[in-house]
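Notes follow once the structure below has been shown.
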Amino acid sequence: MNVPEIVLASNSPRRKELLALTKLSFFCQPADIDETQKSGESPQDYVIRLAEQKAQASANFAPFNGLVLAADTTVADGHELMGKPKDLEDARRMLLQLRGRTHQVYTAIVVYNPSRGIKHSALCVTDVHMRKYSDEELNEYLATGDAMDKAAAYAIQHPVFRPVVKFSGCFASVMGLPLCHFERILRK
């Protein structure tokens with residue numbers, strides 16, 4: 001498959017790591033948008049709207065005939081969206097709230113070809129069941145600082161804390177970029 005150069009509308013280390021696995025050429029042009037949730041906006045509408053806005057904002061930096069890849073991920077516990085923690089106590093609150101329970105991770109991706117005016121999007125929803133980690137494990141994890149730049153204060157791939165006991169859906173989507181959805185869009 002011959003793919004034009006890709007502009008990744010993100011500076012996320014996890015998205016860069018996942019996209020690098022594809023061996024496709026890309027560079028990063030993070031999008032600066034307002035990520036405030038609108039009143040009554042569902043998690044799926046929220047991530048789709050943000051991914052579309054990121055794609056549009058980064059489109060000005062796409063090379064001729066290049067593609068913009070934008071993504072947005074949010075963690076939802078019922079109707080509550082859980083973004084990145086404000087501080088250590090917020091991270092603790094989130095992880096205690098999720099402990100031993102199932103929640104959903106929503107990731108929307110948008111692939112946009114500005115020169116052709118073609119835009120495709122996809123939504124991936126994954127059910128994530130957290131294990132009943134102990135208070136001691138939680139404190140040790142929080143002390144690493146890893147929780148501070150993660151939605152809902154955790155990384156599914158953390159090699160020591162391992163907060164997730166099982167999931168139904170896409171592992172890469174929980175990390176922030178569902179590569180199988182991206183490949184399907186590229187084939188379109």
Side-chain angles (χ1 to χ4, degrees), residues 6-19 22 28-59 67-86 90-91 93-95 97-114 117-130 147 149-157 163-188:
I6 297 168
V7 174
L8 178 61
S10 175
N11 209 21
S12 160
R14 277 129 335 254
R15 287 192 181 113
K16 288 191 266 189
E17 177 186 341
L18 287 166
L19 188 55
T22 68
C28 296
Q29 182 58 53
D32 184 23
I33 63 165
D34 179 5
E35 297 191 18
T36 305
Q37 182 184 15
K38 293 181 179 182
S39 177
E41 190 173 36
S42 69
Q44 56 267 36
D45 290 341
Y46 173 72
V47 293
I48 290 168
R49 177 176 61 84
L50 293 187
E52 287 177 352
Q53 287 179 354
K54 288 176 182 180
Q56 191 62 48
S58 293
L67 299 176
V68 177
L69 169 60
D72 194 75
T73 301
T74 196
V75 174
D77 184 26
H79 295 294
E80 179 186 355
L81 298 189
M82 303 176 91
K84 294 177 184 175
K86 298 177 197 109
D90 195 31
R93 176 195 64 79
M94 290 179 185
L95 291 169
Q97 180 176 328
L98 296 175
R99 179 167 60 184
R101 299 181 54 232
T102 300
H103 62 276
Q104 287 68 44
V105 176
Y106 294 82
T107 299
I109 65 167
V110 172
V111 178
Y112 179 39
N113 183 328
I118 299 170
K119 189 184 304 182
H120 293 284
S121 62
L123 175 68
C124 185
V125 182
T126 303
D127 291 327
V128 179
H129 185 79
M130 301 291 269
D149 72 337
K150 313 281 188 302
Y154 77 89
I156 191 172
Q157 75 277 13
V164 176
V165 70
K166 64 181 177 179
F167 65 94
S168 176
C170 178
F171 184 88
S173 178
V174 178
M175 285 182 65
L177 188 62
L179 292 175
C180 53
H181 289 71
F182 176 53
E183 180 185 6
R184 279 185 230 133
I185 289 174
L186 284 180
R187 292 189 183 282
K188 287 182 182 180

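The first residue in the sequence is number 1, and the count goes up from there.
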Legend entry - Side chain proximity check, M94 to P85, heavy atoms < 4.5 angstrom: yes
Inset, instruction - First locate atom CG of L18, then atom OG of S12, and finally report the distance between them rounded to the nearest 0.5 Å. - result: 8.0 Å
Legend entry - Passing candidate, side-chain contact (heavy atoms from CB on, under 4.5 Å) with V110, options E52, H120, Q56, Q53: E52
Legend entry - From CG (N113) to CD1 (I6), nearest 0.5 Å: 11.0 Å
Legend entry - Pairwise side-chain contact, I118 with K188, heavy-atom cut-off 4.5 Å (strictly under): no
Legend entry - Atom of I185, atom of A122 and distance for their closest heavy-atom approach: CD1-CB, 3.8 Å
Inset, instruction - Could you tell me whether the side chain of T126 and the main chain of C170 form a donor-acceptor pair under 3.5 Å? - result: yes
Legend entry - 4.5 Å side-chain heavy-atom contact, Q104 and V75: no
Inset, instruction - Given side chain to side chain contact (heavy atoms under 4.5 Å, CB included), test M130 with L95 step by step and report yes or no. - result: CA-CA 9 Å; M130 301 291 269; L95 291 169; 4.3 Å; yes
Legend entry - Over 12 foreign heavy atoms within 6.0 Å of NZ, K84: no
Legend entry - Inter-residue atom distance Q29.CD - S10.OG, 0.5 Å rounding: 11.0 Å
Inset, instruction - Could you grab the distance from atom CG of L69 to atom CZ of F182, nearest 0.5 Å is fine? - result: 5.0 Å
Inset, instruction - Among residues two or more places apart or on two chains, list those pairs meeting salt bridge (charged side-chain N to carboxylate O under 4.0 Å, His left out) that have a residue in residues 163-174. - result: none
Inset, instruction - Working to the nearest 0.5 Å, report the span between CG of L179 and SG of C124. - result: 10.5 Å
Inset, instruction - Return the set of residues passing side-chain hydrogen bond (donor to acceptor under 3.5 Å, both in side chains) with H103 (not counting sequence neighbours), or none when no residue passes. - result: Y154
Inset, instruction - Enter the distance from S58:OG to Y112:OH here, rounded to the nearest 0.5 Å. - result: 11.5 Å
Legend entry - Under 3.5 Å: donor-acceptor pair, side chain of R14, backbone of M175: no
Inset, instruction - Say whether, by atom type as modelled, one donor and one acceptor occur between the side chain of S168 and the main chain of D127 under 3.5 angstrom. - result: no
Inset, instruction - Hey, could you give me each pair passing salt bridge (charged side-chain N to carboxylate O under 4.0 Å, His left out) that has a residue in residues 69-80? Not counting sequence neighbours. - result: K54-D72, D77-R101, E80-R93
Legend entry - Within-4.5 Å side-chain heavy-atom neighbours: K16 and L8: yes
Legend entry - Side chain proximity check, M82 to L98, heavy atoms < 4.5 angstrom: yes
Legend entry - side chain to side chain contact (heavy atoms under 4.5 Å, CB included) evaluation trace for L81 with Y46: CA-CA 10 Å; L81 298 189; Y46 173 72; 3.6 Å; yes
Inset, instruction - For S173 and T107, work out which heavy atoms get closest and say how close. - result: O-OG1, 2.8 Å
Inset, instruction - Kindly give the heavy-atom pair with the smallest separation between V68 and A59, and that separation in Å. - result: CG2-CA, 3.7 Å
Legend entry - Sub-4.5 Å side-chain heavy-atom contact between R187 and E183: yes
Legend entry - Close side-chain approach of L67 to L186, heavy-atom, < 4.5 Å: yes
